[in-house]
Colleague: 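Below: one structure in structure tokens.
Below, read A as the first sequence line, B as the second, and so on, with proteins coming before strands; counting in each chain starts at 1. This is a predicted model, so every value here is computed, not measured.
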Protein chains: 2
Amino acid sequence: MEKYKDIGFKLTPQRLAILDHLDGNKEHPSAEDIYKAVSKQFPTMSFATVYNTLETLRQKGGVIELTIDPGKKRFDPNIEPHHHLICIKCKRIADIHGNYKLTVPNRERADFEIVGNHIEFYGICPKCKAVKN
Amino acid sequence: MEKYKDIGFKLTPQRLAILDHLDGNKEHPSAEDIYKAVSKQFPTMSFATVYNTLETLRQKGGVIELTIDPGKKRFDPNIEPHHHLICIKCKRIADIHGNYKLTVPNRERADFEIVGNHIEFYGICPKCKAVKN
DNA sequence: CACTTGACAATAATAATTATAATTTGATAA
DNA sequence: TTATCAAATTATAATTATTATTGTCAAGTG
């Protein structure tokens, strides 16, 4: 937690509450999810604070922004490089830490300098499989 | 083109203009891109028609919806399974057709039934690399 | 020809996000 | 400890992307 102060990230009560909610969170929450959860403790919490904090955190490498969900951003406090498995029915997202070595064939690389990758696996989660229809 | 009529997709002039704009398009355009391009020929074209057509097309498998770009959807008329390479600076998207065989380790699969995958490569395109700073 | 259906356009409504402006606060240094 | 100030917070307005609603029209069907 102290690491943030060192990089000029002012630790306010609101930010601590957001960090606390994110810490170890495997739900890949949206801004709204976070707002709902944190405003229970901070009824005056503003949506803008959630967005501002997430954006500042992202810039400082404290959180990853996921573009998996159409229409809204999701946030992942797990900053280790990893991949995701998405339930196409309920949109639940699970982490995948498998070690994949992916390269782009020269022919396809089109002179891009490759800096990273991210795999999205699609599937149906056990809960949704259990539901008929 | 005839294939659409067979599956109950009525071929109207507006739809033909959209299909024509998408055909062979490698730009992965957003709804707005398509709207702008097509409304040059059809000044009365409505945004709703673009969205409706894209959604209907998607359901019929004529186009793929990409969630790569935060804040907006992009559409890809290339329906062959393939992957993408995104310039992190200018957000340009290129197709990657490399043949990757990806499996999820049992330990991580969490009883999901895997139905597909999509790799996003991140990089810097030649144009953006050429720009200083 | 009457009838149904689906597509279109205009527009309203909603959802997610970003911007603005006034006020407050945490961190630092005197 | 207190003064200071940049940065954070809040309320709110504005924007952007998308979806829903409604009335109209045209194509195809019995």
Colleague: Roughly how many Å is it from CZ in Phe42(A) to P in dT24(C), rounded to a whole number?
Modeller: 17 Å
Colleague: Describe the nucleic acid contact of Glu32(B) in one word from base, sugar-phosphate, nothing, applying a heavy-atom distance below 4.0 Å.
Modeller: sugar-phosphate
Colleague: Is the phosphate of dA7(D) approached by Arg15(A) (side-chain N or O, under 4.0 Å from OP1 or OP2)?
Modeller: no
Colleague: Can you identify which nucleotide, out of dT9(D), dT10(D), dA9(C), has its nearest atom closest to the Thr12(A) side chain?
Modeller: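 Selected nucleotide (nearest to the side chain): dT9(D).
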Colleague: Nearest to the side chain of Tyr51(B), which nucleotide is it out of dT9(D), dA17(D), dC8(C)?
Modeller: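 For Tyr51(B), the side-chain atoms sit closest to dA17(D).
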Colleague: Report yes if at least one side-chain N or O of Lys10(B) is closer than 4.0 Å to OP1 or OP2 of dC25(D); otherwise report no.
Modeller: no
Colleague: Keeping Asn25(B) on the side-chain end and Leu22(B) on the backbone end, is there a donor-acceptor pair under 3.5 Å?
Modeller: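 No, Asn25(B) side chain to Leu22(B) backbone: no donor-acceptor pair under 3.5 Å.
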Colleague: Less than 4.0 angstrom between a side-chain N/O of Ser30(A) and OP1 or OP2 of dA16(C), yes or no?
Modeller: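 Result: no.
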Colleague: Count the heavy atoms of every other residue, nucleotide or ligand shown that sit under 6.0 Å from CD of Glu80(A), and state whether that count exceeds 12.
Modeller: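 No, the 6.0 Å shell around CD holds no more than 12 heavy atoms from other groups.
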Colleague: For Thr44(A), report the nucleic acid contact type (base, sugar-phosphate, nothing); a contact means any heavy atom under 4.0 Å.
Modeller: sugar-phosphate
Colleague: Are any of Gln14(B)'s side-chain N or O atoms less than 4.0 Å away from OP1 or OP2 of dA9(C)?
Modeller: yes
Colleague: Scan Pro13(B) against the nucleic acid and name what it touches under 4.0 Å (heavy atoms): base, sugar-phosphate only, or nothing.
Modeller: nothing
Colleague: How do Ala31(B) and Pro43(A) order along DNA chain D: which one's closest nucleotide is nearer the 5' end?
Modeller: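 With Ala31(B) and Pro43(A) compared, the 5'-side residue is Pro43(A).
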Colleague: Considering only dA8(D), dA16(C), dT10(D), which nucleotide approaches the side chain of Lys72(A) most closely?
Modeller: dA16(C)
Colleague: Using a 4.0 Å heavy-atom cut-off across all strands, classify Gly71(A) as base, sugar-phosphate, or nothing.
Modeller: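 Sugar-phosphate, backbone atoms only, no base.
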Colleague: Could you give the CZ-to-C1' distance, from Arg58(B) to dT19(D), as a whole number of Å?
Modeller: 14 Å
Colleague: Side chain to side chain donor-acceptor pair (under 3.5 Å) for Thr49(A) and Asn52(A)? Distances and angles first, verdict last.
Modeller: CA-CA 5 Å; Thr49(A) 299; Asn52(A) 288 339; 5.5 Å; no
Colleague: Can you tell me the distance, in whole Å, between the CD atom of Glu55(A) and the P atom of dT9(D)?
Modeller: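 In whole Å, dT9(D) P and Glu55(A) CD are 14 Å from each other.
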Colleague: Are more than 12 heavy atoms, taken from residues, nucleotides or ligands other than Glu108(A), located less than 6.0 Å from that residue's CD atom?
Modeller: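 Count over threshold, so yes.
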Colleague: Could you work out which one of dA10(C), dT17(C), dT9(D) sits closest to the side chain of Ala48(B)?
Modeller: dA10(C)
Colleague: Measuring to OP1 and OP2 of dC8(C), would you say a side-chain N or O of Ser46(B) lies under 4.0 angstrom away?
Modeller: no
Colleague: Write down the distance between CD (Gln41(A)) and P (dT9(D)), rounded to a whole number of angstrom.
Modeller: 14 Å
Colleague: Verify side chain to side chain donor-acceptor pair (under 3.5 Å) between Asp69(B) and His28(B), making sure each step is shown before the conclusion.
Modeller: CA-CA 10 Å; Asp69(B) 206 336; His28(B) 309 84; over 6 Å; no
Colleague: CG of Asp33(A) versus P of dA15(C): gap in Å, rounded?
Modeller: 15 Å
Colleague: Nearest to the side chain of Thr49(B), heavy atoms from C-beta on, is which of dA27(C), dC8(C), dA17(D)?
Modeller: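 The answer is dC8(C), which lies nearest to the side chain.
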